[in-house]
Amino acid sequence: MVGALHRAPNFFPNKVPGQASKNRSLQGLAVASYSSFDNPTYANGTLNAYNSYMEIQITPNWTIELDDDFYRRLEAEHLVLWKRGITLLTAVYRYTGEKERLALVAKLRAKAEALQAETIDEHEGELYRFGYLQPEQVQAGHTRLALHAFTTMPLSCLHTSFYFDEPKELQKALIAWKSVRWHADLEEV
C-alpha cells in the first residue's frame with residue numbers, strides 16, 4: 001500500500017535497505033525493469049513496457065511514447081494525459097541558454113534535497129534528465145507516488161509529473177520518461 005511508505009527511496013527496486021540515498025541513472029532502472037514485464041517491446045531504441053504504444057506530440061519539438069489507452073485534455077496551456085491509476089501533467093519551459101538551464105536544474109536539485117527525495121540524473125548528448133520521487137498525500141489515508149521528471153535541452157525543458165496510485169506503475173513511468181524525445185528539426189512555436 002502506498003500510504004505505508006514514507007520515503008521515495010523505498011520505491012526503487014535495486015535499493016538495498018539501509019543504504020544511503022544517492023543519485024541514480026534512468027538507464028540502470030530501465031534495464032532492471034526488463035524482467036518486470038512479460039512482453040517488453042522496443043520503441044525508438046528504448047525499452048517500452050506497454051503492449052501497444054503511440055507517440056504523443058506535446059509541442060512541435062517534444063514527444064513522449066505512452067500506452068495507447070491514455071485519454072488527453074488541455075488545462076490552460078498544459079497537456080494532461082490519464083488512465084485509471086496514473087495521470088501525467090506536462091509543462092514546457094523555455095530559457096535563453098545553458099546558464100539558465102543550469103540554474104533551473106540547480107533549483108530543482110535543491111528542492112529534491114530539501115524533500116530528501118531520491119533523485120535520478122541522466123545525460124544523453126544534449127538531452128539531460130533530472131527527476132525525483134515524492135509521496136504525496138491526496139486525502140486522509142490515501143497517499144500516491146509522484147515522479148517529477150524534467151527533460152532539458154539547451155533552450156527548453158519538458159516537465160512531466162507522473163502521479164500513480166500503485167508503486168508497480170513506477171517502472172512504466174520511468175520507461176515513458178525515457179521515451180521523451182526532442183525533435184530539433186521543427187521550430188518551437
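Here the structure is a predicted model, which is why all the values come from computation and not from measurement. Residue numbers count from 1 along this sequence. Heavy-atom basis, side chains included; hydrogens, waters and symmetry copies ignored.
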Could you tell me if S156 and W182 have a donor-acceptor pair between their side chains, going purely by distance under 3.5 Å?
no
Note: E100-K107 ion pair, threshold 4.0 Å (strictly below)
no
To check you understand the geometry: which heavy-atom pair defines the closest contact between A176 and I64, and what is its length?
O-CG1, 3.5 Å
Within one Ile-Leu-Val-Met-Phe-Trp-Tyr cluster: F70 and W177, side-chain cutoff 4.5 Å:
yes
The reported gap from CG in D67 to CG in L81 (rounded to nearest 0.5 angstrom) is 11.5 Å
To the nearest 0.5 Å, what is the distance between NE2 (H159) and CG (L89)?
8.0 Å
Please determine whether a side-chain nitrogen of the Lys or Arg among E124 and K178 lies less than 4.0 Å from a carboxylate oxygen of the Asp or Glu.
yes
Tell me the closest heavy-atom pair linking L133 and A117, and the distance in Å.
O-CB, 3.2 Å
For T119 versus A112, what's the shortest heavy-atom pair and its separation?
CG2-CB, 3.6 Å
In the single-linkage hydrophobic clustering (I, L, V, M, F, W, Y; side-chain heavy atoms under 4.5 Å), do I58 and L74 co-cluster?
yes
Over 12 non-hydrogen atoms of neighbours within 6.0 angstrom of CZ in R84:
no
Cluster check I120, L127: I/L/V/M/F/W/Y, side chain < 4.5 angstrom:
yes
For a quick test of reading the model, state the closest non-hydrogen atom pair linking T151 to W62 and the distance between them.
O-CH2, 3.4 Å
Where does the angle between the aromatic ring planes of Y132 and F130 fall among parallel (under 30°), tilted (30 to 60°) and perpendicular (over 60°)?
tilted
Not counting sequence neighbours, which residues clear salt bridge (charged side-chain N to carboxylate O under 4.0 Å, His left out) with E126? List them please.
none
When you look at CD of Q137, are more than 12 heavy atoms from neighbouring residues, nucleotides or ligands closer to it than 6.0 Å?
yes
Does any part of the side chain of H142, heavy atoms only, come nearer than 4.5 Å to the side chain of D165, both counted from C-beta?
yes
Measure the CD-NE2 distance between E136 and H148 for me, rounded to the nearest 0.5 Å.
4.0 Å
V105-F150 co-clustered via ILVMFWY side chain contacts under 4.5 Å:
yes
Side chain to side chain contact (heavy atoms under 4.5 Å, CB included) test vs F162 passes for just one of L88, L170, L174, namely L88
Angle class for the H123/Y128 ring planes (parallel below 30°, perpendicular above 60°, tilted otherwise)?
tilted
Tell me, do D121 and R109 make a side-chain contact under 4.5 Å, heavy atoms counted?
yes
Co-membership, hydrophobic cluster, residues M153 and I56, 4.5 Å side-chain
yes
Do the side chains of H183 and T63 get nearer than 4.5 Å, heavy atoms only?
yes
For residues R101 and P154, report the shortest heavy-atom separation together with the two atoms involved.
NH1-N, 3.7 Å
Heavy-atom nearest pair, L147 first then A173, reads CD2-CB, 4.1 Å
T90 side chain vs L79 backbone, donor-acceptor pair below 3.5 Å:
yes
